[in-house]
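It should be emphasised that the depicted structure is a prediction, and the values quoted were computed from it without experimental measurement. Quick note: residue numbers are just sequence positions, from 1.
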Amino acid sequence: MQSILREMLFCEDTPEWAALNLTDRFPFLDHVRGMTVRELENMPNPRVFKCHNHSPDEMDDLVFKGNRKQKIIYVIRDPRDVSVSLHYQLKCWDWFSKASFTEYFQTYFRDEKVVFYGLWEDHVNNWLSSREEYDILVVKYEDLIADSCKEIARIAQFVGRDLDPETVRKIAEKTSFGSMKKKGNLFKDQNRVSDSCLRKGTVGDWKNHFVDMGDEETMRNIAKEVYEKHQIS
């Protein structure tokens, strides 16, 4: 999503801003590495940030300050694939590398006392229950993979960019998972704080990892309930 928005909004960046990696061009609001408030305020408009925060109300306290016109793009993904993706992300850290997938899943994905940003279903409910209060576009990861051009056109309309079909196609090509992997590490900073592992980016890789199918069934049922509640098809 960051790469898509960069191509869409910042294609005419000055050399200073164009040279930044994604970690610095799209700062994490829940982990603004080494950036002062003044530096954030001096970023050219439009300013785009990313976050894992638990709810838009939490973001309101931090950033929005009552402004409900801020545009929010919420990317949702099958929680089974989310768990696999996070597993490999955490395995980049030495202390975690020996944990099996099942051990990781039952502790770092399902134990609400341990999981970093709350349970998947709670996070989704917190954000999608606020769609009448905030300007939120929901993008399914699976739809973005299946028909990138269609979803990129939706995103462009949401952020106020009038893009012709050829421009949309070029953005889809530049920001495909395969193209991004060829560019190397797009996120790594000099302190390795925001290092990221680009792996597969596929849909359904959970089938290669779940051993305890009771865990899989639990997540499948949770996802079904959440999607139905928020009318996500």
If you compare all heavy atoms of [X] against all heavy atoms of [Y], which two are closest, and at what distance to 0.1 Å?
X	Y	result
Trp127	Ile136	O-CD1, 3.6 Å
Asn42	Trp17	O-CZ2, 4.4 Å
Arg77	Ser85	NH1-CB, 3.9 Å
Phe109	Pro79	CZ-O, 3.5 Å
Leu90	Phe116	CD2-CE1, 3.7 Å
Asn45	Arg47	OD1-NE, 3.5 Å

I would like to know whether Glu216 and Phe105 meet side chain to side chain contact (heavy atoms under 4.5 Å, CB included); could you show each step before the answer?
-> CA-CA 10 Å; Glu216 183 277 324; Phe105 177 85; over 6 Å; no

So with a 6.0 Å cut-off around [atom1] of [X], is the heavy-atom count from everything else above 12?
X	atom1	value
Glu225	CD	no
Lys207	NZ	no
Glu166	CD	yes
Glu133	CD	yes

Inter- and intrachain pairs under side-chain hydrogen bond (donor to acceptor under 3.5 Å, both in side chains), touching residues 51-64, at least two apart | Asp30-His52, Asn53-Glu58, His54-Glu58, Asp57-Tyr134, Asp60-Arg68

Cluster overlap [X] with [Y], hydrophobic side-chain contacts below 4.5 Å:
X	Y	answer
Leu163	Leu144	yes
Tyr108	Leu86	yes
Ile4	Leu9	yes
Trp206	Tyr227	yes
Val168	Phe10	yes

Report yes if some heavy atom in the side chain of [X] is under 4.5 Å from a heavy atom in the side chain of [Y]; otherwise report no.
X	Y	answer
Val48	Val159	no
Met8	Ile152	yes
Met59	Gln70	no
Asp13	Arg25	yes
Phe101	Val211	no
Leu5	Ile155	yes
Met43	Phe49	yes

Any residue meeting salt bridge (charged side-chain N to carboxylate O under 4.0 Å, His left out) with Asp135, in chain and number order, not counting sequence neighbours = Lys71

Using modelled atom types only, decide if a donor and an acceptor are shared between the side chain of [X] and the backbone of [Y] within a distance under 3.5 Å.
X	Y	result
Glu103	Ser100	yes
Thr218	Gly214	yes
Asn126	Asp122	yes
Arg6	Ala18	yes
Asp81	Asp205	yes
Glu142	Asp78	yes

Check the pair Glu228, Lys224 against salt bridge (charged side-chain N to carboxylate O under 4.0 Å, His left out), reporting the backbone distance first and the verdict last.
-> CA-CA 6 Å; Glu228 287 178 351; Lys224 182 175 183 292; 2.8 Å; yes

Going by atom types only, do Tyr104 and His209 share a side-chain donor-acceptor pair under 3.5 Å?
-> no

For Arg80 and Asp215, what are the C-alpha separation, side-chain angles and deciding distance, and is it a side chain to side chain contact (heavy atoms under 4.5 Å, CB included)?
-> CA-CA 9 Å; Arg80 296 167 295 182; Asp215 288 339; over 6 Å; no

Can a salt bridge be assigned to the pair Glu173 and Arg169 using a cut-off of 4.0 Å between side-chain N and carboxylate O?
-> yes

Salt-bridge test for Arg154 and Asp143: reply yes if a basic N is under 4.0 Å from a carboxylate O, no otherwise.
-> no

Working for side chain to side chain contact (heavy atoms under 4.5 Å, CB included), residues Met219 and Arg110 | CA-CA 10 Å; Met219 294 315 302; Arg110 293 309 299 165; 3.7 Å; yes

Test Asn221 against Glu217 for side chain to side chain contact (heavy atoms under 4.5 Å, CB included), laying out the working first.
-> CA-CA 6 Å; Asn221 290 335; Glu217 182 180 12; 3.6 Å; yes

